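Input: a single structure, listed below in structure tokens.
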Amino acid sequence: MYEKGRAWIELNQAHLRHNLQVFQELLPGKCLLMPAVKANAYGHGAVWMGRALQQMGVRHYCVACVAEGMELRKAGIKGEILVLGYTHPKDLDQLREYGLTQTIVDYAYGKELASYGKELQVHVGIDTGMHRLGEDSGHFSKIRGLWEFENLRITGVFSHLCTSDGVSRKEQEFVRLQEQRFLQVVRRLRAEGKKGFATHLQGSYGILHGANLSGHYQYARAGIALYGALSEPSKPLRKQFVLKPVLALKARITCVREVLQGEGAGYGLAWRAKETRKIAAVSIGYADGIPRTLSNQGCALIRGEEVPVVGRVCMDQLLLDVTKVSDVCPGEVAVFIGKSQDREIRVEEMAKRAGTISNEILSGLGDRLCRIAV
Ligand SMILES: *Cc1c(COP(=O)(O)O)cnc(C)c1O
């Protein structure tokens with residue numbers, strides 16, 4: 001059996017393969033996936049995910065920071081690993097040692113990297129309206145100026161869309177504006193003889209809503225949807241896509257007891273029994289990534305029955321009201337994300353109950369959870 005003693009994550013490689021195929025069919029044949037495996041591969045485990053993707057033919061990855069790139073390299077991941085975030089000058093040796101590609105976050109940073117004295121492989125980030133990272137798309141002479149630094153080996157130019165998850169006219173118009181700004185920079189660079197760099201623009205929603213884009217890109221940086229989840233299910237999609245969740249989250253019931261009418265349970269006695277109830281303690285808590293905002297809000301599945309989280313989520317444990325499930329015993333399994341008989345809780349539902357998005361739930365799943373391929 002796959003089950004572990006305390007709390008664990010089950011990973012489904014067939015579902016990952018399915019999602020990868022969905023994306024490959026959406027993208028033109030020449031566009032390669034560059035999966036985002038940052039934040040421990042959205043909680044799935046970067047090493048497992050990197051290896052699984054590698055087996056499926058993926059050769060490009062993106063991560064948030066140098067340490068994440070190092071972890072993948074130490075696990076034997078080959079191909080290009082792009083660091084999307086800022087790398088402090090004191091960590092530049094590691095970029096070279098581990099063969100990582102660094103994002104130029106603006107012109108001044110490019111100049112700083114160029115003064116490092118050794119060659120670095122980089123992708124140039126272009127700010128087309130999100131105003132987070134990248135040199136301003138309007139500052140063409142600065143962008144072009146990056147090619148004058150001998151130590152920078154520029155192999156990519158990219159931007160990031162900030163409203164591609166929306167289907168409203170305003171959101172989609174902004175996507176088109178960002179793309180036009182990006183394409184203009186790319187065209188001008190090529191017109192000036194700057195060649196040999198790849199381009200990329202889309203994350204998950206940029207791919208799912210890709211019909212609204214006009215350019216052709218070499219890579220697409222798929223994250224959340226590759227893991228079989230949407231950020232917010234309440235946001236309508238251009239059309240339905242069948243994505244299969246790669247991850248399930250489960251934990252053990254450790255103690256079952258009756259709580260008499262009028263008694264409270266958990267810290268602060270934040271829940272009270274209106275009538276006598278059967279309460280189960282479960283060995284998973286907010287240190288494992290179950291948001292504390294699910295106190296008195298969350299739910300789990302036991303033998304296909306949905307049961308509510310009662311009282312406050314603790315660091316390592318939480319309580320479920322299991323009154324409606326007959327003869328619940330210590331050692332039984334509670335499912336927080338995934339299937340239990342014919343019922344399923346998707347991460348999107350957990351995120352909604354917690355007042356956040358799937359990305360935050362998944363990336364917050366803790367190191368203490370065992371991760372098992374099923
Ligand atoms: C995280 C990230 C992605 C992936 O985004 P998803 O919405 O999860 O697909 C792509 N590009 C950049 C720059 C990112 O930071």
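Only a predicted model underlies this, so the values are computations on that prediction, with no experimental measurement involved. Whatever order the structure lists them in is the order used to number ligands and atoms, beginning at 1.
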- prompt: So which protein heavy atom does atom 11 (N) of ligand 1 come closest to, and at what separation?
  reply: Arg221 NE, 2.8 Å
message: Are any of the N/O atoms on Ala225, whether in the backbone or the side chain, positioned under 3.5 angstrom from an N/O atom of ligand 1?
response: no
- prompt: Taking Arg368 for the side chain and Ala7 for the main chain, is one N or O donor matched with an acceptor at less than 3.5 Å?
  reply: no
- prompt: If only atom types and distance count, is the side chain of Glu179 paired as donor or acceptor with the main-chain N or O of Ser214 below 3.5 Å?
  reply: yes
- line: Note: heavy atom closest to atom 15 (O) of ligand 1, options Met130, Lys38, His160, belongs to Lys38
Region of Ile224 engaging ligand 1 - heavy atom pairs below 4.0 Å: both
task: With heavy atoms of Tyr42 as the reference, note each atom of ligand 1 found under 4.0 Å away.
output: 1 (C), 4 (C), 5 (O), 6 (P), 8 (O)
- request: Kindly confirm or rule out a cation-pi arrangement of Arg73 over Tyr98, judged by NZ or CZ under 6.0 Å from the six-membered ring centre and within 45° of its axis?
  value: no
- request: Give a yes or no on whether the backbone of Gly311 and the side-chain of Asn296 come within a donor-acceptor separation of less than 3.5 Å.
  value: yes
- prompt: Would you say Met34 contacts ligand 1, with heavy atoms under 4.0 Å as the rule?
  reply: no
query: Relative to ligand 1, is Ser204 under 4.0 angstrom through side chain, backbone, both or neither, heavy atoms considered?
result: both
- line: At under 4.0 Å between heavy atoms, what of Arg132 touches ligand 1? The answer is side chain
- line: Across all chains, not counting sequence neighbours, the side-chain hydrogen bond (donor to acceptor under 3.5 Å, both in side chains) partners of Glu349 are Arg353
Short side-chain donor-acceptor distance under 3.5 Å, Asp136 and Tyr107: no
- request: Within a distance under 4.0 Å of any heavy atom of Ala36, pick out the atoms of ligand 1 and give their elements.
  value: 4 (C)
Thr101 side chain to Gln121 backbone, donor-acceptor under 3.5 Å: no
